[in-house]
Amino acid sequence: MPELPEVETYKRYFASTALGQQIDNIKVKDDRILKVEENEFINTLQGNSFKSVTRHGKYLFIECNSIFLVMHFGMTGDLEYYHHNEEEPAYTKVLFEFTNNYILSYISTRMFGKLDITDNMREYIQKKRLGPDALTMSYEDFIKSLEKRTTNIKTALMNQSIVCGIGNIYSDEILFRSKINPLTRINVLEERQLRQLFSNIKDVLLYGIEKEGILSTYSDKFLIPHRNQEDECPLCKRKIERYEILGRHGFFCPNCQKLH
DNA sequence: AGCGATGTTCGCCG
DNA sequence: TCGGCGAACATCGC
């Protein structure tokens with residue numbers, strides 16, 4: 001499921017369940033999900049406990065034994081914490097079994113997620129060239145990130161090196177609320193628009209977190225409930241349009257989001 | 001049955 | 001080296 005609001009929801013879920021639990025055993029059901037060698041992965045974590053969890057964009061960094069377990073969820077990742085008497089969730093790739101008889105399942109239906117290990121969170125973020133976290137960045141961070149870029153604003157918002165945490169669905173929502181056409185080149189945006197955009201990034205993501213990323217509960221005033229069906233614009237009632245960019249498809253209102 | 005999918009990475013080109 | 005772009009990746013549900 002995950003863009004930033006979903007990953008923030010996973011973070012809170014993790015914090016209220018697996019955090020602080022001692023890892024009794026780790027089962028790797030499919031080692032293709034691991035970015036490090038399986039033995040190293042297991043030996044580093046087993047016997048220790050999760051001390052803290054931090055989110056940067058769509059990544060979670062979980063402190064354990066003075067290193068960090070890095071979780072990324074791809075398009076179809078999930079976490080489930082359950083009692084060992086209960087059934088193992090479908091598409092479980094890695095199981096963390098705790099001494100309290102509970103188990104955390106790392107789920108990845110389509111294998112796009114990844115688990116990694118790092119001893120330095122900051123270096124890891126730098127090495128992957130991840131931009132500032134979309135939720136916590138300042139306006140100055142945002143502007144600095146966009147500098148020297150020539151691409152369109154939709155591509156920029158989805159580029160994790162520019163801003164970290166926004167994907168296909170939320171970028172559409174943010175642009176819709178900002179009344180900016182997705183194909184607008186960054187360099188033609190005026191300061192007023194950039195400030196508006198920045199503030200809408202925060203508002204949309206915060207709303208998403210409040211809703212725990214459950215799209216079906218989003219207000220009808222949002223673009224999100226009108227995706228996939230060629231619906232009408234919740235503002236002007238004209239037909240929204242489907243478009244394609246970077247091999248992804250999105251939606252926008254050609255009337256409210258004019259290109260200039 | 002084929003296509004699309006809330007993501008990242010890699011290789012190519014300028 | 002860097003930015004932009006498109007294809008590849010793996011798998012399942014509609």
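The one candidate from His56(A), Lys58(A), Arg55(A) that meets the side-chain hydrogen bond (donor to acceptor under 3.5 Å, both in side chains) condition with Asp133(A) is Arg55(A). Paired with Asp172(A) under the rule salt bridge (Lys or Arg N to Asp or Glu O under 4.0 Å), one option of Lys154(A), Arg242(A), Arg248(A) passes, and it is Lys154(A).
Taking the six-membered ring for Trp and thresholds of 30 and 60 degrees, Phe50(A) and Phe96(A) have ring planes more than 60 degrees apart, a perpendicular arrangement.
Rounded to an integer number of Å, the gap from NZ of Lys35(A) to C1' of dT8(B) is 8 Å. In this structure, the CG atom of Leu130(A) is 9 Å from the P atom of dT8(B), given to the nearest Å. Following rounding to the nearest Å, Asn187(A) (CG) and dG3(C) (C1') show an atom-to-atom distance of 14 Å. Rounded to whole Å, the distance from OH on Tyr124(A) to P on dT8(B) is 11 Å. What separates CZ of Arg110(A) from C1' of dC9(C) is a distance of 13 Å, to the nearest Å. As a whole-Å value, the separation of Ile33(A) CD1 from dA10(C) C1' is 9 Å. If you measure from atom CE of Met111(A) to atom C1' of dG13(C), you get 18 Å, rounded to the nearest angstrom. In this structure, OH of Tyr59(A) is placed 11 Å from P of dG7(B), rounded to the nearest angstrom.
The residue among Phe112(A) and Asn159(A) whose nearest nucleotide of DNA chain C lies closer to the 5′ end is Asn159(A). Closest-nucleotide positions on DNA chain C for Arg129(A) and Asp30(A) were compared, and the one nearer the 5' end corresponds to Arg129(A).
At a non-hydrogen distance threshold of 4.0 Å, Arg149(A), Thr150(A), Thr151(A) from residues 148-157 of chain A come into contact with DNA chain C. Of the residues in residues 168-183 of chain A, those lying under 4.0 Å from DNA chain B by heavy-atom distance are Asn168(A), Ile169(A).
Separation of the Tyr124(A) and Phe68(A) ring centroids does not fall under the 6.0 Å cut-off. When ring centroids are compared, Phe251(A) and Phe176(A) stay outside the 6.0 Å threshold.
Residue Arg248(A) is in base contact, counting any heavy-atom pair closer than 4.0 Å across all strands shown. As judged by a 4.0 angstrom heavy-atom cut-off over every strand, Lys114(A) is placed among residues making no nucleic acid contact. Residue Gly167(A) is in sugar-phosphate contact alone, with no base atom involved, counting any heavy-atom pair closer than 4.0 Å across all strands shown.
Atom CZ of Arg238(A) sits in a sparse spot, with 12 or fewer heavy atoms from other residues, nucleotides or ligands closer than 6.0 Å.
Residues Thr109(A) and Asp78(A) are not in side-chain contact: their nearest non-hydrogen atoms beyond the backbone lie 4.5 Å or more apart. Between Glu80(A) and Tyr13(A) there is a side-chain heavy-atom pair separated by less than 4.5 Å.
Of the possible donor and acceptor atoms, none in the side chain of Gln21(A) sits under 3.5 Å from a partner among the backbone N and O of Ser49(A). No side-chain donor-acceptor contact under 3.5 Å links Asn159(A) to the backbone of Thr155(A).
Salt bridge Lys114(A)/Asp116(A): absent, no basic N to carboxylate O contact under 4.0 Å.
Taking 4.0 angstrom as the limit, Gln160(A) places a side-chain polar atom (N or O) nearer than this to OP1 or OP2 of dT8(B). Taking 4.0 angstrom as the limit, Lys128(A) places none of its side-chain polar atoms (N or O) nearer than this to OP1 or OP2 of dT8(B). The side chain of His72(A) contributes no N or O atom lying less than 4.0 Å from OP1 or OP2 of dG7(B).
For DNA chain B, the stems formed by at least three consecutive Watson-Crick or G-U pairs, with both atom-pair distances below 3.5 Å, span B:2-5 with C:11-14, B:7-14 with C:2-9.
Geometric assessment of Arg195(A) against the ring of Phe142(A) yields a negative cation-pi assignment under the 6.0 Å and 45° thresholds.
Connection of Ile180(A) to Tyr139(A) is established within a shared hydrophobic cluster, with ILVMFWY side chains joined at heavy-atom distances below 4.5 Å, either directly or through further cluster members.
The side chain of Thr109(A) lies closest to dC12(C) when the candidates are dA10(C), dC12(C), dT8(B).
For the P atom pair drawn from dA10(C) and dG11(B), the interatomic distance equals 15 Å after rounding to whole Å.
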